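To keep things clear, I will list the structure first and then write my remarks on it.
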Amino acid sequence: MKFISIRTKFTIVVVILSAVTTGLLGSYLVWKSYQALRFQAQQSELALAKSLAWQVNRGLSSAFQAVEALSHRPETARMEGASLASELTLVTSDTELLDAMFVYQRPDHWVARSVLSLDLKNLPPNSFIRESVARANELRESVLVKVYQAPSRNWGVGISAPIFDRNRLKGILVGVLYLPNHTIGNLETAEIGQSGFAYLIDDQGEALIRPDENRIQGGVPNPAVLSLRAQKEGVVLFQDGQGKKIMAAYASVSSANWGVVVRQSADECYAPAEHMLRFMSFFLGLTLLLSVILALAISQRIVEPLLRLTHQVGNYRSESGNILSLESMKPVDEIGVLSLAIGRMTRKIKFQSQERERAHTKALQVERKLSESERLATVGQLAAGLAHELNNPLTVILGLSQLAKKSKGIQLREWLETIKKESERCQRLVRDLLYFTRPIRLRRKKTDLVLLIHHTWKQVFLNRTAFYELKIHSNSFQVSVDPDRFKQVFINILSNAMDAMPEGGRVEIGLKKTRGQIKVQVKDQGRGFARKNLEKFFRPFFTTKSGGTGLGLSIARAILQSHGGRIWAERNKLHGAVFRLQWPDS
């Protein structure tokens, strides 16, 4: 795993915490604030549209109420021309937005009119009068408001109300509001930012009052604005003919089927929100940067003492006492407590190290004495065994040699043959002893143990007269061993098995691998052995055979030990002996 310093880890953790807390929460708050400012800008635009619509409605309501009230007076229903004309003139002069009033009995004949303050060509056309007469019975208690375009190409508003006398239609009262003569609701003078303006639209979407005809492109608002009329009010974003984003707010005029539109560039409207977004984003980024700098500073104050402590521990020498001095320090924080604990631990380690050195020195002295005693005991045992084993054949050789001086013929040849056998026995004894005492150097290689046992069996079986059977419970068994050494092991074991079965018998060998261990079992059908001899089998010079040297099994054990294994013997439950070999699979 790649090494990462505590300083880096601490900084990363602080940055992640800052990003999760300050970053995510701050970003969420910044975004919500930005959205709130945009919504506030829309609501401000809508509030302005409502305010202007209220002012327009207040101005128009007086004209509507004056026309409607006059249409219900009995004097109006009597249709007296002179008195009715003076009444119409009086109401017209008292009502701020009314420019003229007429009473019609039929579309082409008016009964009375007020004193005119405008040109006749700016009066409503006959089509407006005919429509008012046609809808008179439908209006009853209400008025009909209609925008018209005069022959002079200017716009005006016609307000008509029916005149009834005992439920009989007597005529139509018409009030005229000539728009070029009036400023309704301050629409023309309303200042909305640097590029915004407001205008009044009728039920067909035509702009009635506008500050600049060129700015509203013919007076027809965007279809999206017209769709708001069904909702009575709202805010919509759209693009004008030049592809510029526009925000428009719409509010209805309740006294007529009209509405006030306030429009402004979306960029200008949202400028405060955009400015606040940039400022808060900068502040958020600055906060994260300060968090990183603060994390580095804090990590420096935390890590620096640890680094000094690590340096002292890394350069520790028990003689110098640079760590032992930490024990005398007064802790002011957790790092001081750690330094104090390290100083105490170092003192204990130094004391234990000195104690171990003294104990190790004593152990080495005792081990040298034991090794010397064991070596002398082993040499004495080997010498005694060798003397005992060589004494008998040498005695026979010496006696027969003296007799051979006085004998001739057949008797002499028998004695010489005996001398030869005993000499060969002495030679074999010395050879086995040298093999036993010589250091074992292994030459491992991949070996088929089944094939090795078969070759060894043939060699051991060569001079045997009885019938012997070998049974191996495997066809092939690959292991990594020294084949020459293991051949010697099986020569000794198989020879002992055949010697234990002088009349013949069967030898069974089992091979298996278990948990990284090689296990071999050699079972014979011989006479077996006494329980008291079980611990003596692998001692040098111990043998139960008359012609044996007593070194065969000792050599086998030494070879197994050099392979990292062991060998031991067991008594068979039925008859015979079982030898078990075990060593690691390498």
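Keep in mind the model is a prediction, meaning the values are calculated, not measured.
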Looking only at atom types and distance, does a side-chain atom of Arg443 sit under 3.5 Å from a main-chain N or O of Asp482, one as donor and one as acceptor? no
Would you call Arg73-Glu87 a salt bridge at under 4.0 Å N-O? yes
Contact check, side chains of Lys146 and Glu131, non-hydrogen atoms, under 4.5 Å: yes
Is there side-chain contact between Phe64 and Ile159, with heavy atoms separated by less than 4.5 Å? yes
Any Val174 side-chain heavy atom under 4.5 Å of Tyr104 side chain: yes
Could you walk me through whether Phe102 and Leu123 satisfy the side chain to side chain contact (heavy atoms under 4.5 Å, CB included) test, starting with their C-alpha distance in whole Å, then the side-chain angles of each, then the deciding distance to 0.1 Å, before giving a yes or no? CA-CA 10 Å; Phe102 296 84; Leu123 295 177; 3.5 Å; yes
Evaluate side chain to side chain contact (heavy atoms under 4.5 Å, CB included) for Lys245 paired with Ser265, printing each intermediate quantity in order. CA-CA 6 Å; Lys245 288 185 178 180; Ser265 170; over 6 Å; no
Please examine the side chains of Phe283 and Val30, heavy atoms only from C-beta on, and report whether any two atoms are closer than 4.5 Å. no
Rounded to the nearest 0.5 Å, how far apart are NZ of Lys170 and CZ of Phe164? 12.0 Å
Can you list the steps and then say if Arg130 with Ser132 is a side chain to side chain contact (heavy atoms under 4.5 Å, CB included)? CA-CA 5 Å; Arg130 284 194 294 271; Ser132 299; over 6 Å; no
Would you sort out whether Leu277 and Ser281 count as a side chain to side chain contact (heavy atoms under 4.5 Å, CB included), showing the intermediate values? CA-CA 6 Å; Leu277 177 63; Ser281 298; 3.9 Å; yes
Would you indicate whether the side-chain heavy atoms of Glu274 and Pro272 approach each other to under 4.5 Å? no
Would a distance-only check, ignoring hydrogens and angles, find a side-chain to backbone donor-acceptor pair under 3.5 Å from Thr92 to Ala100? no
NE2/His275: more than 12 non-hydrogen atoms of other groups inside 6.0 Å: no
Is it the case that more than 12 heavy atoms not belonging to Arg358 sit under 6.0 Å from its CZ atom? yes
Can you find a heavy atom in the side chain of Leu88 that is under 4.5 Å from one in the side chain of Leu173? yes
Could you grab the distance from atom CG of Asn475 to atom CG of Asp448, nearest 0.5 Å is fine? 9.5 Å
To check you understand the geometry: which heavy-atom pair defines the closest contact between Val176 and Pro124, and what is its length? CG2-CD, 3.6 Å
Ignoring hydrogens and geometry beyond distance, is a side-chain donor-acceptor pair present between Thr89 and Ser114 at under 3.5 Å? no
How about CG on Asp94, more than 12 heavy atoms from neighbouring residues, nucleotides or ligands closer than 6.0 Å, or not? yes
To the nearest 0.5 Å, what is the distance between CG (Asn181) and CG (Asn122)? 8.0 Å
Side chains of Glu80 and Ser83: donor-acceptor distance under 3.5 Å anywhere? yes
Between atom OG of Ser252 and atom CD of Glu233, what is the distance when rounded to the nearest 0.5 Å? 7.0 Å
Can you classify the ring geometry of Tyr148 versus Phe128 as parallel (below 30°), tilted (30 to 60°) or perpendicular (above 60°)? tilted
Does anything in residues 277-286 pair up under salt bridge (Lys or Arg N to Asp or Glu O under 4.0 Å), and if so which pairs, sequence neighbours excluded? none
Taking atom CD of Glu268 and atom CD1 of Ile246, what is their separation to the nearest 0.5 Å? 9.5 Å
Enclosure of Glu75 CD (heavy-atom neighbours >12, cutoff 6.0 Å): yes
Could you check whether Arg38 makes a cation-pi contact with Tyr270, meaning its NZ or CZ is under 6.0 Å from the centre of the six-membered ring and within 45° of the ring axis? yes
Counting C-beta onward and ignoring hydrogens, is there a side-chain heavy-atom pair between Leu169 and Pro162 closer than 4.5 Å? yes
On a heavy-atom basis, the closest approach of Val260 and Leu200 is CG2-CD1, 3.9 Å
Closest heavy-atom contact between Leu237 and Met247? CD2-CB, 3.4 Å
Does NZ or CZ of Lys513 lie under 6.0 Å from the centre of the six-membered ring of Phe477, at an angle within 45° of the ring axis? yes
Test item: Gln517 and Trp583 side chains (from C-beta on) under 4.5 Å apart, heavy atoms: no
Looking at every non-hydrogen atom in both residues, tell me the closest pair between Gln42 and Val235 and how far apart they are. O-CG2, 3.6 Å
Output for pair (Arg58 CZ, Leu97 CG), nearest 0.5 Å, gives 10.5 Å
In short, Pro584 meets Gly565 closest at the heavy-atom pair CD-N, 4.3 Å
Looking at Lys512, is its backbone amide N or carbonyl O close enough to the side chain of His473 to form a donor-acceptor pair, meaning the two atoms are under 3.5 Å apart? no
For the residue pair Ile163 and Ile172, what are the closest heavy atoms and their distance? CD1-C, 4.0 Å
Is the distance between the ring centroids of Trp31 and Tyr28 less than 6.0 Å? no
